[in-house]
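Step one of this worksheet: look at the structure below.
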Amino acid sequence: MAASNATLARCLEEIAELLELDGQDRFRVRAYQRAAEAIRAADVDLARLPREELTTVKGLGGSTAERVAEHLDTGRIALLDELRQRIPEGVRALTRVPGVGPATARRLHDELGVGSLDELRAALATGAVRTLPGLGARSEARLRAGLERLEALDAQRLPIATAWSIAQELRAALAAREDVARVACAGSLRRLRETVGDVDVLVATEADPAPIHAAFRALDLVDEVLVAGDRKSSVVTRRGLQADLRVVAPDAWGAALVYFTGSKAHNVRIRERALRRGLTLNEYGLSRRDDGAVVASRAEEEVHAALDLAWIAPTLREDAGEVEAADTAGGRTPTLPRLVRPTDLCGDLHGHSDWSGDGRASLGTMAAAAADRGLAYWAVTDHAAGLPQVGLDAAGFARRREAIAAARETTGLAVLDGVELNILAQGAVDFDADVLAAFDWCVAAIHTGLEHDAATQTDRILAAIANPFVNAIGHPTGRRLGQRPGYEIELGAILEACAETGTALELNASPSRLDLPAELARRAVTAGVWLVISTDAHAPDELANADWGATYAQRAWASPAQVLTCQPLERVRRLVADKRERLG
DNA sequence: GCCGTTTTCGGCCCGACTGTTTTCAGTCG
């Protein structure tokens, strides 16, 4: 089986990392990094592309395309094999220590023979590290602390909802100060990445920034101070989450927000754009290179406009085509999508009641809460019997129909009679056609056998898609943020089958899932496959997770027209009827 | 190694902080 885009991207990233450790030209390193990013953002499987078209992917040039072709043809890349042989695995591990970059790792290895984290620990103990020119006792202490922090860091990025609540506390504490004019959370939190490695807080003030920094570093939820400057502070908060504070003048708010929101790759892209216009962009403003006059700085819209760009939503800022799409140079019309917003959602097609074992509220309570949110329709999709201890059998679903009828009566809401089917080992689902035909809406999802390889999971999902009664694939990768990565799937084949059969893919809005991942969801909407943003709510308050789902879907460049739960109920019913008619 | 509103060569984002440096390299975001 040919490698997926993700695998290819990882290989090129590793080459970049090893070339850097090898002390090679940094622009060559960056070329490999950019090629990896380009592959990850590509909307086609490179394996399906004719070899001579690989270089049409922007960021892939002669050499990097050749490496990709080599991997697709042979499953290996000679350059990568050679680098791996020359640079010990342990040396790469050194750069994971905060404060150790490629240069230090190389020196530790070349000059002290340090080739692993354990050997670094030993070299610190014997005082060998401080014998290196440029590294003294304080560096030694820093590396020791870095080694300790590494273990906390290995708990890795936090799910966005966890980081969000810590960020709100930081924000509130700063907003309460009289000398703080504005405060905002930027970084990956503002871009709504599904996991967050650190929280970036931006403050604007006319006053002296030093007391604000001091107060920030002294907050109760701060465990440790990493950096203490007048313009910048870094701390470690609860749960090992790093938080960075930047304080700027109100005049620089827009430029600082652009800078601090990132992503890094996006920033690099627009700074290059500035250079080509004789301008330079930093966190204080966009200015002319010749005389330094500031052209724009107060608002993001100003900064973008001065670069001949329409304003770019933070959720798109990943250097994945958004700068090209925002281009207004020469009177061009930007091609940015009209992004889906929480208020565009008018339905929810995945929810639970206490009819199945894991629901935490009655069907009536859930329906009333859905009606309160102003939804036009809500599907109650309790688990089917294949999920032991939890699921309902056919008789149970038949009994549930009375409760559905009652809920429709009392709430006036269109409650759809739904089910969350289990995709079993060979791709079969819990019930036969005669039982399935009675439902209004069927979600099918993998709940068991999460450990299978990509080919097996894909076959199971394809079998479910071929079922005339399956309308959507629920949480398609099975990931749980911060807990498990999810199984791999071959998306290309799945998208083809979805498009052919009129089957939707769910974007599960639970902040512990956010599944489909945005990169995959973007490919789905590009392929014309319906996205179903649903909450999978097991309790009334979880219906509000729809907001997470809608905003996260912006990262997939999704418009309301591509989201089924933004469509009226008639459209949903037509989709269901069409599939049954064509395949039934 | 890639790329083009300075185009097929000569560039390649920008600044804060730290440590150990008398002027800067490394790391980080």
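Residue numbers begin at 1 in each chain, while the letters A, B, ... track the order of the sequences.
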Residue pairs passing the salt bridge (Lys or Arg N to Asp or Glu O under 4.0 Å) test with at least one member in residues 192-201 of chain A, sequence neighbours excluded, are Glu194(A)-Arg479(A)

Measure from CD on Glu17(A) to C1' on dG1(B) and round the result to the nearest Å. 18 Å

When the distance from CZ of Arg273(A) to P of dC3(B) is rounded to whole Å, what number comes out? 17 Å

Taking only residues two or more places apart in sequence, or in another chain, which ones meet Thr477(A) in a side-chain hydrogen bond (donor to acceptor under 3.5 Å, both in side chains)? Asp515(A)

Check the distance between dC3(B)'s P and Glu324(A)'s CD and give it to me in whole angstrom. 11 Å

What residues form a side-chain hydrogen bond (donor to acceptor under 3.5 Å, both in side chains) with Arg76(A), not counting sequence neighbours? Asp81(A)

Determine the Euclidean distance between corresponding C1' atoms of dT6(B) and dC12(B); express it in Å to zero decimal places. 14 Å

Can you tell me the distance, in whole Å, between the CZ atom of Arg96(A) and the C1' atom of dC28(B)? 17 Å

Please list, chain by chain and in numerical order, all residues satisfying salt bridge (Lys or Arg N to Asp or Glu O under 4.0 Å) with Arg144(A), sequence neighbours excluded. Glu140(A)

Distance check: side-chain N/O of Thr104(A) vs OP1/OP2 of dT27(B), anything under 4.0 Å? yes

Do Glu318(A) and Arg191(A) sit within salt-bridge range, that is, some charged N less than 4.0 Å from a carboxylate O? yes

Take atom CD of Gln33(A) and atom P of dC13(B), then tell me their distance rounded to the nearest Å. 12 Å

Candidate nucleotides dG29(B), dC13(B), dT27(B), ranked by approach to the side chain of Ala103(A) - the nearest: dT27(B)

For dT20(B) versus dC13(B), give the span between their C1' atoms, rounded off to a whole number of Å. 27 Å

Using whole Å, report how far CG of Leu19(A) lies from P of dG1(B). 8 Å

Can you find a heavy atom in the side chain of Val201(A) that is under 4.5 Å from one in the side chain of Leu174(A)? yes

With sequence neighbours left out, write down each residue that passes side-chain hydrogen bond (donor to acceptor under 3.5 Å, both in side chains) with Thr261(A), or none if nothing qualifies. Arg190(A)

Of all the choices, dC13(B), dT6(B), dG1(B), which nucleotide is nearest to the side chain of Ser63(A) once you look at every atom? dG1(B)

Extract all donor-acceptor atom pairs below 3.5 Å that involve side chains of residues 208-217 of chain A and protein atoms in other chains or at least two apart in sequence.
unit_1: Asp208(A); atom_1: OD1; unit_2: Ala210(A); atom_2: N; d: 3.1
unit_1: His213(A); atom_1: ND1; unit_2: Ser233(A); atom_2: OG; d: 2.7
unit_1: His213(A); atom_1: NE2; unit_2: Asp230(A); atom_2: O; d: 3.1
unit_1: His213(A); atom_1: NE2; unit_2: Arg231(A); atom_2: O; d: 3.3
unit_1: Arg217(A); atom_1: NH1; unit_2: Gly229(A); atom_2: O; d: 3.3
unit_1: Arg217(A); atom_1: NH1; unit_2: Ser233(A); atom_2: OG; d: 2.7

How would you label the contact of Phe260(A) with the nucleic acid (heavy atoms, under 4.0 Å): base, sugar-phosphate, or nothing? nothing

Would you mind reading off the distance between Phe27(A) atom CZ and dC9(B) atom C1', rounded to a whole angstrom? 14 Å

Report the nucleotide, chosen from dG1(B), dG29(B), dC13(B), that has the shortest atom-to-atom distance to any side-chain atom of Ala31(A). dG1(B)

Near-strand residues of residues 108-122 of chain A, defined as heavy-atom separation under 4.0 angstrom from DNA chain B: none

Separation between the P atoms of dT8(B) and dC3(B), rounded to whole Å: 16 Å

For Val57(A) and Ala105(A), find the nucleotide of DNA chain B closest to each by heavy atoms; which residue's nucleotide sits nearer the 5' end? Val57(A)

Most 5' of Thr95(A) and Gly61(A) on DNA chain B, judged by nearest nucleotide: Gly61(A)

Spell out protein contact along nucleotides 14-22 of chain B as letters: B when the base is contacted, S when just the sugar-phosphate is, - when no protein heavy atom is under 4.0 Å; keep the 5' to 3' order. BSSSSSS--

Checking base pairs now: Watson-Crick or wobble, both atom distances under 3.5 Å. What partners dG19(B)? dC24(B)

Pick the P atom in dT5(B) and in dG1(B), then give their distance to the nearest Å. 24 Å

Looking at Arg30(A), I'd like to know whether one of its side-chain N or O atoms comes within less than 4.0 Å of OP1 or OP2 on dC13(B). yes

Which residues pass the side-chain hydrogen bond (donor to acceptor under 3.5 Å, both in side chains) test with Arg28(A), not counting sequence neighbours? Gln24(A)

Take the protein atom CG of Asp319(A) and the nucleotide atom P of dC13(B), then report the distance between them rounded to whole Å. 12 Å

In terms of side-chain heavy atoms of Gln242(A), which of dC3(B), dG29(B), dG1(B) is nearest? dG29(B)

Pairs flagged by ring pair (Phe, Tyr, Trp, His ring centres under 6.0 Å) wherever residues 161-194 of chain A is involved - sequence neighbours left out: Trp164(A)-Trp548(A)

At 4.0 Å (heavy atoms only), tell me whether Gly330(A) reaches a base, stays on the sugar-phosphate, or touches nothing. nothing

Are any of the side-chain heavy atoms of Leu316(A) and Arg555(A) separated by less than 4.5 Å? no

Tell me which residues in residues 37-53 of chain A lie within less than 4.0 Å of DNA chain B, going by non-hydrogen atoms. none

Side chains of Leu514(A) and Ile160(A) in contact at under 4.5 Å (non-hydrogen atoms): yes

Does Arg92(A) pair with Glu89(A) as a salt bridge, N-O distance under 4.0 Å? yes

If we take the C1' atom in both dT21(B) and dG29(B), what is their distance in whole Å? 23 Å

Answer with base, sugar-phosphate or nothing: what part of the nucleic acid does Gly62(A) contact at a heavy-atom distance below 4.0 Å? sugar-phosphate

Qualifying residues under side-chain contact (heavy atoms from CB on, under 4.5 Å), relative to Arg269(A), sequence neighbours excluded: Arg34(A), Glu272(A), Asp319(A), Val323(A)

